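Every heavy atom of this structure was used, including side-chain atoms; hydrogens, water molecules and symmetry mates were not. Chain A is the first sequence line, chain B the second, and so forth, proteins listed ahead of strands; every chain is numbered from 1. From a predicted model like this one, the values you see are computed outputs, not experimental measurements.
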Amino acid sequence: MNLFKHELRIEDEEKMIAITDTVRGDIEKSGIVSGIVTIYCPHTTAGITINENADADVQHDFLYGFGKIFPKYDNEYLHEEGNSFAHMKSSAVGASKTVIIENGRMILGIWQDIYFCEFDGPRNRYFYVKIIKG
Amino acid sequence: MNLFKHELRIEDEEKMIAITDTVRGDIEKSGIVSGIVTIYCPHTTAGITINENADADVQHDFLYGFGKIFPKYDNEYLHEEGNSFAHMKSSAVGASKTVIIENGRMILGIWQDIYFCEFDGPRNRYFYVKIIKG
Amino acid sequence: MNLFKHELRIEDEEKMIAITDTVRGDIEKSGIVSGIVTIYCPHTTAGITINENADADVQHDFLYGFGKIFPKYDNEYLHEEGNSFAHMKSSAVGASKTVIIENGRMILGIWQDIYFCEFDGPRNRYFYVKIIKG
């Protein structure tokens, strides 16, 4: 098996949830020791990013900084659901990330975690992990 | 065959063009039922993103919001061609996206379409679709 | 061999370094003529992007424009290391890029180069290149 689906229940309006260990477990289950892994978010007001794992203040500053550049309210927005800011953040971080696998492990930097980014919670969310041998 | 090239004629200055059905057709032609697909934009003032497919107002708000953070004119810009804003948008959404394939179909969210994003039209543009089995 | 690691010594605070030729060399060494290549940055205050290769003013404008939207100082930032701006830029351009390979060559646009983006130098940095056959 080289495809995995995971569910997340997110209670907050915005949150970065580290999913690195889940991806690690999937790679182990796949038995693939060399290749790439794609982590995919099927939602349009959320995304996947890779960033600092040590100081949670980075997550605070990240969500704050992205909130400043993609403001919640603007007189020019047309989308009636009122969450255009979250759609823009989704495209800005991207729906997927690809990481290299070598010797059965992801080549992540020492400070890197993979994050599911919720921009319009609370929601029930999913993400997929696909491992390609090569 | 697992590589496809497509041409787009874009008449607008800025536009998001849904290319999901084209990618679906390519996957079918490839005969690959499990793997990943990379959609690639070879231009530096355009890009590929994945976002909402239902309400076209999201595209309006997206282009409006990105236009605010990457303004057309700024006294500090040096690039004589005058389209630095479009180069920045290109990097902000990214030149490619990778989507997972299972049972011959892309695992897209119900609200997701793949978009070619024009940021400096009108232009003749291309994009590539490459399908990797795995 | 289809995995390569490269070191960069970056003397500037911010800089975009073209690494396209390095990636080309790796693809040649791998002997893989059809597939995809993933270029990966293991740092959380740097990233990989694809953008204009002809006029270096685009790099100036890019770093200037990203500096405006992710400012260095803000009273709301909590991260004590003081480089939250660089973490945000890292996620905005992304930790990796994937390019298509055909006939032994990357399908890059005529104006495209692959750049390692330093947002918090001077630093010693690394990047990885992984080539997947397919």
Side-chain angles (χ1 to χ4, degrees), chain A residues 1-5 30 32 34-48 65-66 68-99 101 119-120 123 125-134, chain B residues 16 18 20 32-39 47-71 88-103 105-115 117 119 130-134:
Chain A
M1 189 160 66
N2 70 339
L3 174 66
F4 302 87
K5 181 180 185 178
S30 78
I32 292 171
S34 176
I36 53 174
V37 54
T38 294
I39 303 101
Y40 187 81
C41 167
H43 309 287
T44 59
T45 53
I48 308 289
F66 271 67
K68 273 211 314 181
I69 65 174
F70 299 112
K72 253 186 164 165
Y73 306 105
D74 189 298
N75 286 333
E76 302 294 327
Y77 290 158
L78 300 180
H79 183 46
E80 289 199 359
E81 198 182 343
N83 60 355
S84 287
F85 63 96
H87 285 288
M88 288 186 275
K89 290 174 186 177
S90 175
S91 279
V93 304
S96 77
K97 287 293 165 284
T98 296
V99 179
I101 301 167
F119 296 125
D120 194 33
R123 300 245 196 184
R125 299 294 204 178
Y126 297 91
F127 66 93
Y128 295 91
V129 175
K130 173 79 175 181
I131 302 137
I132 299 286
K133 192 177 174 175
Chain B
M16 294 171 72
T20 319
I32 292 172
V33 294
S34 176
I36 52 174
V37 54
T38 294
I39 303 101
I48 308 289
T49 198
I50 296 173
N51 218 308
E52 156 109 8
N53 58 13
D55 179 4
D57 286 345
V58 172
Q59 298 163 40
H60 165 276
D61 294 355
F62 181 97
L63 295 173
Y64 164 75
F66 271 66
K68 273 211 315 179
I69 65 173
F70 299 111
M88 288 185 276
K89 290 174 186 177
S90 174
S91 278
V93 304
S96 77
K97 288 292 165 285
T98 296
V99 179
I100 299 165
I101 301 166
E102 185 70 3
N103 298 324
R105 304 177 65 169
M106 281 187 285
I107 294 182
L108 287 173
I110 192 166
W111 305 111
Q112 286 185 322
D113 256 339
I114 304 165
Y115 288 96
C117 303
F119 296 124
K130 173 78 175 180
I131 301 136
I132 299 287
K133 192 177 172 174

Might you point out which heavy atoms bring [X] and [Y] nearest each other, and give the distance in Å?
X      : Y      : result
B:T49  : A:S91  : OG1-OG, 2.7 Å
A:K130 : B:E102 : NZ-OE1, 3.8 Å
B:K68  : A:P71  : NZ-CG, 4.1 Å
B:I132 : A:I132 : CG2-CG2, 4.2 Å

- Message: With a 4.5 angstrom heavy-atom cut-off, is it the side chain or the backbone of B:I107 that approaches chain A, or both, or neither?
- Response: both
- Engaged part of B:F62 at the chain A interface, taking heavy atoms whose separation is under 4.5 Å: both
- What do you reckon, are the aromatic ring centroids of B:F66 and A:F70 less than 6.0 Å apart? yes
- Message: Only pairs of heavy atoms separated by less than 4.5 Å count here; which of B:L108, B:T98, B:V93 has the most with chain A?
- Response: B:T98
- Task: Please look at A:D74 and chain B and tell me whether the side chain, the backbone, both or neither of the residue comes under 4.5 angstrom of a heavy atom of that chain.
- Result: side chain
- By a 4.5 Å heavy-atom criterion (distance strictly below it), what part of A:H43 contacts chain B: side chain, backbone, both, or neither? backbone
[atom1]/[X] to [atom2]/[Y] distance, rounded to the nearest 0.5 angstrom?
X      : Y      : atom1 : atom2 : result
B:I50  : A:C41  : CD1   : SG    : 9.5 Å
A:Y128 : B:I100 : OH    : CD1   : 8.5 Å
A:H79  : B:E52  : NE2   : CD    : 5.0 Å

- Answer key: most heavy-atom pairs under 4.5 Å with chain B among A:I69, A:I36, A:N83, A:T44 is A:T44
